[in-house]
Structures are given as C-alpha cells and as structure tokens.
2 protein chains.
Amino acid sequence: MLSTTMSTYRVLATSRPAGSHAAITMAALARARRPAVGVVVPASVAHAVSTRRTMATTVTKPKGRLVIIGSGWAGYKLLRQIDTNQFDVFCVSPRNYFVFTPLLAGSSVGTLEFRAIMEPVRQFNKPMQFLQAHCTNIDFDKRQITCTTNLEDSHDTLTLDYDTLVIAPGASTNTFNVPGVREHALFLKDISDARKIRARVIECFEHASQPHVTHDEIDRLLHFQTVGGGPTGVEFSAELHDFITEDLARLYPQLMPRVRMTLYDVAPRILGAFDAKLAEYATKRFVRSGVQIRTGTQVRNVEKDKIVLNDGEEVPYGLLVWATGITQTELVRGLRGRVAPDPRGAHRIVTDRRLRVLDPQGEPMENVYALGDCATISDYDLPATAQVANQKALYLGKQLNKTDEKAIVPFAYRHLGSMAYVGGWRAVVDMPNDIKPSGYSAWIFWRSSYLSMSVSWRNKCLIPLYWFAAYVFGRDVSRIN
Amino acid sequence: MLSTTMSTYRVLATSRPAGSHAAITMAALARARRPAVGVVVPASVAHAVSTRRTMATTVTKPKGRLVIIGSGWAGYKLLRQIDTNQFDVFCVSPRNYFVFTPLLAGSSVGTLEFRAIMEPVRQFNKPMQFLQAHCTNIDFDKRQITCTTNLEDSHDTLTLDYDTLVIAPGASTNTFNVPGVREHALFLKDISDARKIRARVIECFEHASQPHVTHDEIDRLLHFQTVGGGPTGVEFSAELHDFITEDLARLYPQLMPRVRMTLYDVAPRILGAFDAKLAEYATKRFVRSGVQIRTGTQVRNVEKDKIVLNDGEEVPYGLLVWATGITQTELVRGLRGRVAPDPRGAHRIVTDRRLRVLDPQGEPMENVYALGDCATISDYDLPATAQVANQKALYLGKQLNKTDEKAIVPFAYRHLGSMAYVGGWRAVVDMPNDIKPSGYSAWIFWRSSYLSMSVSWRNKCLIPLYWFAAYVFGRDVSRIN
C-alpha cells in the first residue's frame with residue numbers, strides 16, 4: 001500500500017497483511033481499463049505491454065514486497081540477482097541508473113562517454129517498480145519507509161510499506177568539516193559530478209587563453225588540484241594528466257608550460273591501502289610527468305579561488321576535486337538509537353554475517369538487511385569498496401532467493417585485489433598473493449578486468465568501442481554550457 | 001590590439017596600422033620567456049608547441065586581422081576555409097564548438113551522442129585565436145568590436161580591433177511574442193537545448209510512473225507537444241516518437257497507452273516549404289503512428305503546465321518544444337541605422353552579392369561581410385538555412401583567399417534540395433528537379449547525405465558507429481540531474 005502524506009490524494013493503509021498491496025493493484029486495473037488513446041506502439045512492444053499489465057495485477061508474490069533503497073553497487077547488483085517470481089520488487093533511488101564507478105574518473109575527462117558506464121535501473125525483461133526518490137526515514141515497527149520524490153518539479157513525500165527491506169543508499173563524500181568544500185570543490189561520485197569536472201577543465205583553458213587575463217590569473221586557472229591520494233584521487237589525476245597532455249596540449253599549446261597539477265594527501269604516502277612498492281611506482285610516475293605530490297599535507301580551508309593549507313600557505317586553484325573518503329548519509333545518521341551502534345565509530349549500520357541489521361540490543365532484525373558503503377558486519381570489518389558491496393549483493397540475492405531458510409550460509413568475502421590507473425597507459429595492481437604488477441602489463445590487466453566486470457552486454461561492447469574512438473580521434477574538448 | 005574596458009589591466013590602443021597587433025605579441029613573448037614549470041608534455045606535442053609559438057610571434061600577416069563573429073555553419077565553415085598564411089584569424093563565439101544542426105533533433109533523444117555532431121572551433125593544425133564571448137557591438141568607424149566573455153565565472157568586456165570583419169552570429173528562435181515561451185518552452189538550437197529535452201522526456205516518464213500521481217497529471221506529463229511544423233519540428237517529433245516507441249516503451253510499458261504527441265503549426269499544412277505530396281506523406285505517417293497534427297492552430301499563451309490556443313482551448317503538456325523559425329539577435333538589431341535597412345522587414349543585415357555589408361546609403365562597406373541566418377542579399381533573397389550559410393561561407397572563404405581582387409566573382413546559390421526525417425526509418429526528400437522520393441529509400445538518402453556532409457573525419461566515423469550502437473543496444477534512457 002502506498003500513501004502520500006503531503007497531498008490530497010491520500011491512500012491510507014488500513015490493514016497490511018504481508019504481500020498484499022491493493023492500492024497499486026486497483027490503480028493498475030483502472031488504468032488498464034481506460035481506452036488507449038496513446039501513441040501507436042509496434043506489435044512487438046504491444047505484446048510486452050499486455051504481458052506486463054498482467055504481472056502488475058498479480059496481487060501477491062510468495063515472499064511479499066522487497067524494497068531496495070539505493071541503485072549503486074549494492075542495490076543494483078542485488079536487484080539484478082533477485083528472483084522476481086518470489087518477490088514483488090520496489091527499488092527507491094534518487095537516480096534511475098547505476099554507475100560503474102571504477103571508470104567514472106576516465107569518463108570525467110572523456111576517455112569514455114558517460115552512457116558506457118551507466119546502466120538503467122529499470123529492466124525491460126524483469127517486472128519491478130522504481131521510484132525516483134530519496135529515502136528520508138525508516139519505521140521498523142510499521143515496516144514502512146518515507147521518501148521524497150527527486151524530480152525537477154515535484155518533491156512529494158510518500159510512504160511505502162515493505163515486507164523485506166534492503167538498505168543500500170551508499171555514502172557521501174567526507175569533507176572532514178573543512179569549511180568551503182561543499183561550496184567550491186567538485187566531487188567524483190556521480191555522472192553529474194563528472195560532467196561538471198569536464199566542463200570546468202575546458203572552462204579553465206578557455207578562460208586562461210583569453211587575451212586580457214593576467215599572468216597570476218593564468219597560473220591560478222591552470223593549477224588543477226586534487227585532495228585525496230586514494231585510488232579515486234590518483235586515477236582522476238592520472239586521467240586528467242592524460243587529457244591535458246594528449247588532447248588539450250594540441251589546442252592550447254601556448255598554455256602548456258603554465259599548467260600545474262597537485263595531489264594532496266594527509267597520509268605520508270599516496271595509495272595508502274596498496275603495497276608500498278606500488279605506491280612508490282605511482283608516486284615516481286606522477287613526479288616524472290610533472291604532477292606534484294604533497295603528502296602529509298592537510299587542507300584547512302577552501303575559498304572560491306584558493307585553498308589554505310594547515311601551515312597557512314595559500315594555493316590558488318582553477319579546479320579543485322575533493323576525493324577523500326566517505327561519510328554516512330542523512331538517512332543512516334538518522335537511524336542512530338534505533339539500530340546497534342557502530343563499534344568503530346563511523347556511524348555505519350551494523351549487521352550480522354547474514355547482513356541482517358542489528359537492533360540496539362544487538363539482535364538481528366527480521367527481514368531488514370544493509371550492505372554497501374553504509375554498512376559493516378559487527379565482527380568482520382571490510383573496506384567500503386565496490387568489490388565488497390558487489391560481493392555482498394550477490395550473496396544476499398542468493399540467500400533471499402532460497403526457499404529453505406536452513407540453506408542460508410554466512411557471508412564470506414574473497415579479496416580479488418586492488419587496482420589503480422596511474423596515467424600514460426600504466427597501472428598498478430595489488431593482488432592478494434605476492435604478485436604486484438605495475439606498468440603497461442598492469443594497465444592491460446586493469447582495462448580487461450574492468451571490461452569483464454562491466455554489467456551489461458551493451459556496455460561490454462560500448463566500452464572498448466569508446467576507448468578506441470578516444471584513442472583514434474581524441475577526447476571531446478567542447479564545453480557545453 | 002586588445003583593450004579591456006572593465007578591468008584595471010587596460011591595454012589601450014594608441015595607433016592602429018592595419019595588420020599590427022603589438023599588445024598580443026608582447027604578451028605572447030613575455031609568456032614564452034617564462035620558465036616552463038608546467039606538466040611534462042610528450043615530445044610530439046612539445047614540437048607542436050614550439051611551432052605554434054613561432055607563429056604567434058609573427059607580427060603581421062599580409063592581409064591583417066580577420067575577425068569572425070560566430071561559430072555556426074557560416075562562421076565555422078569560413079574558419080576552415082580561410083588561409084591563415086594571409087590572415088591573422090580571430091574567432092569570437094559564445095561556444096567553443098560548431099554544431100552539425102541537421103542531426104541535433106536525433107541527438108536530443110540519444111539516436112546520436114552529442115560529441116558526434118560537435119566540432120571544436122580550435123583547430124590543432126591551424127594557427128588561430130578563439131575568444132569565448134558574445135559580441136555585443138560593432139564600431140565600423142573605429143574598426144572595433146566589443147565583446148563580453150562567456151565564461152562561468154567571468155563576464156568581462158573587451159574590445160577587439162579588426163582589419164576585416166565577418167558577421168555571422170546566427171539568429172535566435174522566434175517566439176512571436178507569445179507570452180511564457182522563453183520561460184517554459186524548450187528550444188532546439190544548441191547542444192544544451194538537446195540535453196535539456198533528453199532529461200525532460202525521461203523526467204516526464206519517471207514522474208508519470210510514480211504511484212501517487214493522478215490520472216490527469218499522468219495525461220499532462222505524457223503529452224509531448226511541438227510548436228512549428230517546419231523541418232526542425234517535424235524531425236524532432238519523428239525522433240521523439242521513435243525514442244518513445246522503440247526504447248521507452250520497453251521500460252514503461254504500462255504508460256504507453258497514455259502517451260500523446262501533438263505537432264502544431266499556424267500554416268494550413270506542415271513542411272510548408274516542401275512539395276505538397278511530400279508534406280501529405282509526412283502528415284499521413286504521423287497520423288498513422290498516433291501523432292496528432294494540428295495545423296491552422298495558433299498558440300496564444302504558454303503557462304507552466306499548459307498552453308492556451310487562440311480559441312481559448314487549454315492543452316496541458318509535459319514537454320513543450322518551440323521550433324517556429326528565427327528572429328535576429330540583439331547584436332544585429334543594435335546595428336539598425338548604421339547598416340542598410342532590410343527591404344523585407346526582417347531586420348537582417350543586407351549585403352551585396354559579394355556578401356559585403358551595405359551601409360545606410362546602400363553602398364558596400366570595405367572589409368565588412370555578413371552571412372548566415374543574420375544576413376540577406378539585397379536583390380537575391382534566400383531562405384535562412386544551413387545549406388545557404390554553408391555555401392556562402394565556402395564562397396566567401398575562397399574570395400577572401402584570392403590575392404587578385406579582380407578575380408572576385410559574385411555569390412551564386414545552388415539549391416541541392418531539402419530533406420526531413422519523418423520517423424520509423426522513413427524520410428522525405430524534396431529535390432530541385434522533379435524527383436521527390438519518400439519512405440525508406442529517402443531515409444537511406446537522408447542518412448547518407450548528412451553523413452557525407454558532416455565535417456570532420458572523426459565524426460564521419462563516429463556517426464555511423466553511434467547510429468549502429470543505438471540500433472543494436474537502444475538509446476540511453478538514464479536521466480542525469
């Protein structure tokens with residue numbers, strides 16, 4: 001049952017036996033009865049329409065309604081895994097697509113087109129419902145979530161009942177409360193971020209090439225800075241360096257001697273989670289290609305055109321990308337007191353090994369699961385990576401699909417290694433065994449792995465095609481307003 | 001010489017012998033002398049850098065500075081044609097790319113990626129300067145234009161001297177002073193428009209599929225309306241119909257019976273400039289596929305969610321695209337009184353057959369040319385199409401490159417025909433002879449012609465590649481915030 005709490009067309013839940021959802025069903029029937037005045041649909045599609053309508057009017061699925069909050073690695077991969085014959089699936093996410101995040105840095109400079117790393121959440125071969133909305137609250141007692149629709153011209157509040165709930169909204173970028181970051185820095189979490197970065201880089205070059213701009217202003221505009229020396233910051237710096245030297249250098253040759261790039265990290269070295277030799281390799285490559293690495297450096301303050309470091313040094317920037325790890329979303333922070341506290345103080349949702357959310361007493365809740373960057377297992381801490389989220393999603397999908405509860409096994413993580421692109425067709429690969437390749441062969445491995453991991457056949461074809469196009473014809477250098 | 005009129009670093013023009021531009025040259029030298037602290041550039045690019053720097057310090061070119069206002073069909077095609085050994089070329093345009101407009105409608109629904117119809121204005125193999133700015137005024141006596149830079153965080157005013165000026169800023173969409181159009185309708189002139197349309201279409205479907213939306217609201221959201229039955233409006237309606245029936249129908253099957261599309265025109269038929277039989281073919285195709293054609297209908301008023309027709313009928317819409325012909329830009333309107341009046345009252349700049357702008361006395365000005373949608377020839381009126389702009393640009397480029405002024409010939413237009421896509425792999429082609437193909441073969445002709453007309457080799461390769469990808473994998477259905 002669905003009820004809107006902000007509008008007059010309120011549909012109140014009167015009783016809620018598991019698995020029934022009369023309100024939707026009646027509406028679907030009512031719609032189906034209306035005369036078809038619409039656009040003429042080809043026969044092949046018309047067939048699909050009638051099939052789907054039948055499915056929509058099915059009143060119950062054996063396991064009732066499964067609500068998945070989020071469409072990232074955890075939510076989307078689970079969605080693909082889940083058996084829609086058993087569950088009536090409802091996905092709630094502010095965006096109607098999944099982003100293949102490992103290739104987001106590359107797409108931010110045009111090595112790939114955005115569409116090659118996006119997958120639509122709606123599956124044309126899978127009956128499911130999708131609600132483009134932020135989940136703002138969860139009522140575990142009523143088994144109900146509250147959402148605010150995320151549409152350009154509508155921000156209605158809805159409530160949605162669940163029989164089974166999966167919490168996977170991901171996390172936000174952590175600004176570590178540095179003032180000015182939210183206002184002035186760009187992030188690298190979503191396609192819209194990548195698009196902003198692409199426009200901004202070209203804007204800096206266009207601005208710097210205008211004849212009236214002062215020397216100081218040119219130096220500011222062409223200083224590209226990244227805060228955070230983890231894989232995201234490193235890969236972004238590498239991709240940006242490629243973009244500048246391979247593509248922009250041809251169009252703005254007179255500006256090239258003025259371009260500077262700096263990568264900051266608080267830690268004593270970049271790629272802290274990687275093998276030390278690999279981190280050293282990456283550092284050397286960056287330094288050799290002119291990217292300054294400033295480790296052990298903290299940013300105190302971000303202003304419109306400059307950052308202020310902890311020792312008071314002011315560094316003007318043209319582009320500032322902030323990639324320093326994650327913090328919990330409003331939704332997850334709001335659950336404090338109603339779920340078990342995070343023993344490691346990161347405000348994550350704590351689950352047991354079956355990914356069931358633990359209540360304040362530390363007991364697993366019935367039919368409420370959490371995974372992805374928002375969650376941790378009480379006695380089995382794992383890093384907040386796409387790899388962990390992906391494995392948890394595949395695991396949970398399998399368990400939820402099981403009809404015999406006795407067959408459910410606890411989650412076990414299998415680390416497959418970490419990789420980072422470091423620019424100029426070179427990468428570092430940190431395998432769980434003693435093999436630690438770096439350089440060109442590692443880059444081949446990096447590209448092949450991500451290609452094989454990309455989700456749909458469409459993108460498995462499009463990604464190499466776009467890589468090839470960028471290699472042959474260069475990246476796109478146009479700035480769209 | 002360049003002078004900024006809004007800033008402290010003013011560089012005043014003291015004397016202006018044709019062809020000299022000391023201010024830029026000195027700045028270029030000063031920059032060249034600074035130590036290179038920048039990003040390390042590969043040898044191949046470094047070579048290009050040094051080559052370019054030599055060219056930048058050349059003080060004079062035999063024919064002095066050519067300033068081109070605009071980077072559309074007229075400005076960009078001229079730019080490619082012009083001999084940069086004779087001219088010191090300066091292009092001023094608010095966008096740093098050219099748009100292949102005939103394929104813009106297709107890219108607005110994802111049949112093509114945007115980059116395949118864009119060409120960067122900056123040419124890596126051609127010495128030229130580009131200023132991302134709006135031209136706001138022209139002083140014919142001082143031979144100087146005034147510009148406002150079009151950057152996200154800078155809107156400085158600059159003046160720029162010219163020896164030869166080419167005015168080709170294009171035109172704006174004509175709203176015919178219908179209230180509310182600028183505020184609520186979307187246009188189809190630039191990539192940013194196409195991007196807005198794409199996001200809006202998907203937004204309408206996402207919104208309509210939310211469970212709490214009323215029947216009336218669904219009907220409104222899924223009514224896609226286009227005003228203007230010329231080639232732009234027709235092709236957009238055709239592409240949108242393809243997108244909805246081929247791609248969105250798979251993801252939102254339950255909404256398909258509710259989708260409606262309407263195409264309005266004031267004239268008694270659509271495609272007024274085409275052969276009557278072809279227009280009839282297009283009309284029949286649209287009607288058969290469920291697109292309503294409302295000719296002889298005028299829009300009186302546009303409100304946020306509905307349009308009001310001349311007879312008072314109110315029609316709610318989810319998306320309104322306005323494609324009703326052109327009107328002159330502020331720049332061109334501002335020239336009134338300083339150039340010859342347009343005999344046909346459309347406020348265009350009037351030129352002679354050599355495309356030289358006529359002064360108020362009807363005499364051709366020296367070294368000032370106008371072409372594209374902003375211009376007309378006094379005794380030789382031609383439609384404001386890409387075809388005319390393209391031919392004028394190629395003509396003017398050739399004439400300007402000539403060293404012997406006696407060799408200059410008047411412009412002659414050769415009409416090659418008109419084409420329009422009408423959906424479902426069908427098109428109409430109106431040839432200047434009696435051959436008027438329509439249907440599938442005309443569509444093959446339509447695609448091949450535009451492919452052969454597309455400018456760069458890059459896009460000649462990318463366009464069929466993207467067409468193929470859209471055919472095999474479908475168009476992109478994700479909505480980026």
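These numbers come from a predicted model, not from an experiment. Only heavy atoms go into these numbers, but all of them, side chains included; no hydrogens, no water, no symmetry mates. Naming: A, B, ... by sequence-line order, numbering from 1 per chain.
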Given that the side chain runs from C-beta out, which part of A:Leu222 has a heavy atom under 4.5 Å from chain B: side chain, backbone, both or neither? neither
Note: vs chain B, highest number of non-hydrogen pairs under 4.5 angstrom among A:Gly110, A:Ala133, A:Ala469, A:Ser154 is A:Ser154
Using a cut-off of under 4.5 Å for heavy-atom pairs, which of B:Trp457, B:Phe130, B:Tyr466 has the most such pairs with chain A? B:Tyr466
Can A:Arg122 and B:Ser209 be said to form a side chain to side chain donor-acceptor pair (under 3.5 Å), step by step? CA-CA 11 Å; A:Arg122 290 175 185 275; B:Ser209 65; 2.8 Å; yes
Which atoms of B:Asp153 approach chain A - backbone, side chain, both or neither, heavy atom under 4.5 Å: both
Minimum heavy-atom distance B:Val477-A:Asn96, with the two atoms named: O-ND2, 3.7 Å
Find the distance between OG (B:Ser478) and CZ (A:Phe98) and round it off to the nearest 0.5 Å. 11.5 Å
Tell me, for B:Glu152 versus chain A, whether the close heavy atoms (under 4.5 Å) come from the side chain, the backbone, both or neither. both
Check B:Glu113 against A:Arg115 and note the closest heavy-atom contact, atom names and distance. OE2-CD, 2.8 Å
Flag the one option from B:Thr149, B:Val121, B:Asp476, B:Leu465 with the top tally of heavy-atom pairs under 4.5 Å to chain A. B:Asp476
Please check if the side chain of B:Gln210 supplies one atom and the backbone of A:Gln132 the other of a donor-acceptor pair under 3.5 Å. yes
Interatomic spacing from CG in A:Leu151 to CD in B:Glu206 - rounded to 0.5 Å: 7.5 Å
Please look at A:Glu203 and chain B and tell me whether the side chain, the backbone, both or neither of the residue comes under 4.5 angstrom of a heavy atom of that chain. both
